[in-house]
Amino acid sequence: MNNMTTIKPHQIRILQTLLGKRFKDREARLHFVYSFIWRELPSIKSLTEDEFFYLAHHLGYHFEMHAYFNVQNRQHLKLLALCHELGWIDEANPKYADIKRLGRWFCSSKNPFKKSLQNLTPCEVGKVNNIFEKMLTQRYERS
């Protein structure tokens with residue numbers, strides 16, 4: 001477990017929705033999670049962020065829906081270009097940014113707004129772009 005950050009309320013809601021569709025009661029949900037991650041939990045709130053992503057992926061969650069973008073929006077296009085510069089590239093089609101990875105970022109604790117791209121205000125998208133520019137700068141400073 002590299003990322004020891006416990007999951008946030010928006011991540012808990014995602015898991016509760018996914019697990020609620022499959023299991024009727026809390027005990028069945030916890031038993032499934034325990035058997036999947038191999039550690040006992042007092043509640044789903046005790047999961048780490050890495051465990052959240054692993055479990056949500058296994059349950060078929062579509063992270064890319066958090067990164068739906070508007071091709072008419074210059075800020076969105078800038079964000080996609082920054083993703084591409086960071087190497088977040090779709091393996092199936094390297095011409096495009098990895099929307100799944102961007103969607104995961106929007107679901108992570110690194111997103112200060114805890115909202116999907118399409119729900120951000122222009123000011124918030126600008127701040128996200130600044131975060132990605134800093135990530136890019138840090139990447140080149142390290143190399």
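Computed from a predicted model, the values in this text were never measured in an experiment. When reading the values below, keep in mind they use all heavy atoms of this one structure, side chains included, and skip hydrogens, waters and symmetry mates.
Within the 4.5 Å cutoff, the side chain of L102 has heavy atoms near those of the W88 side chain. Side-chain contact between Q16 and I12 is present, with heavy atoms from C-beta onward closer than 4.5 Å. Using a 4.5 Å heavy-atom cutoff, the side chains of L47 and T6 are not in contact. Using a 4.5 Å cut-off on side-chain heavy atoms (C-beta onward), V125 and L120 make contact. M65 places none of its side-chain heavy atoms less than 4.5 Å from the side chain of S116. Between L136 and E133, every side-chain heavy-atom pair lies at or beyond the 4.5 Å cut-off. Side-chain contact between E85 and R139: absent, with no pair of heavy atoms (C-beta onward) separated by less than 4.5 Å. Considering only heavy atoms from C-beta on, I7 comes within 4.5 Å of L15 through its side chain.
Within a 6.0 Å sphere centred on OH of Y54, other residues, nucleotides and ligands contribute 12 heavy atoms or fewer. Around atom NZ of K45, no more than 12 heavy atoms belonging to other residues, nucleotides or ligands sit under 6.0 Å away. Atom NZ of K100 is surrounded by 12 or fewer heavy atoms from other residues, nucleotides or ligands within 6.0 Å.
Taking the six-membered ring where tryptophan is involved, the planes of F63 and F52 are perpendicular, since the angle between them exceeds 60° and thus also 30°.
Distance CG/L80 to CG/N73: 10.0 Å, rounded to 0.5 Å. In this structure, the separation between SG on C83 and CE on M135 is 7.5 Å, given to the nearest 0.5 Å. To the nearest 0.5 Å, atoms CD (Q138) and CG (L86) are separated by 10.0 Å. Atom-to-atom distance recorded for Q11:CD and K114:NZ is 7.5 Å, nearest 0.5 angstrom. Atom CG of L82 sits about 11.5 Å away from atom CD1 of I131, to the nearest 0.5 Å. Going from atom CG of L19 over to atom CD1 of I14 covers 11.5 Å, rounded to the nearest 0.5 Å.
L41 and L55 fall within the same hydrophobic cluster, where Ile, Leu, Val, Met, Phe, Trp and Tyr residues are linked whenever their side-chain heavy atoms come under 4.5 Å apart, directly or through other members. Linking Ile, Leu, Val, Met, Phe, Trp and Tyr whenever their side-chain heavy atoms come within less than 4.5 Å puts L77 and I99 in one cluster.
Although no hydrogens or angles enter the test, the distance criterion places no donor-acceptor pair under 3.5 Å between the side chain of N70 and the main chain of Q118.
For the pair R22 and F32, the cation-pi criterion (under 6.0 Å, within 45° of the ring axis) is not fulfilled.
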For this session: Using the side-chain contact (heavy atoms from CB on, under 4.5 Å) rule, take E124 and V128 through it: C-alpha gap first, then chi angles, then the decisive distance, then the call.
Result: CA-CA 6 Å; E124 292 169 336; V128 168; 5.7 Å; no
For this session: Walk me through it: do R104 and E64 pass the test salt bridge (charged side-chain N to carboxylate O under 4.0 Å, His left out)?
Result: CA-CA 7 Å; R104 282 176 53 111; E64 57 271 14; over 6 Å; no
For this session: Could you walk me through whether S109 and E49 pass side chain to side chain donor-acceptor pair (under 3.5 Å), step by step?
Result: CA-CA 8 Å; S109 59; E49 195 166 69; 3.2 Å; yes
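Residues K8 and T5 approach most closely at NZ-CG2, 3.7 Å, considering heavy atoms. Closest non-hydrogen pair, H84 versus K95, comes out as NE2-O, 3.4 Å.
Among pairs with a residue in residues 91-124, those fulfilling ring pair (Phe, Tyr, Trp, His ring centres under 6.0 Å) read W105-F132, at least two apart in sequence or across chains. Listed by first then second residue, pairs satisfying ring pair (Phe, Tyr, Trp, His ring centres under 6.0 Å) with a partner in residues 64-83 read Y61-H66, not counting sequence neighbours.
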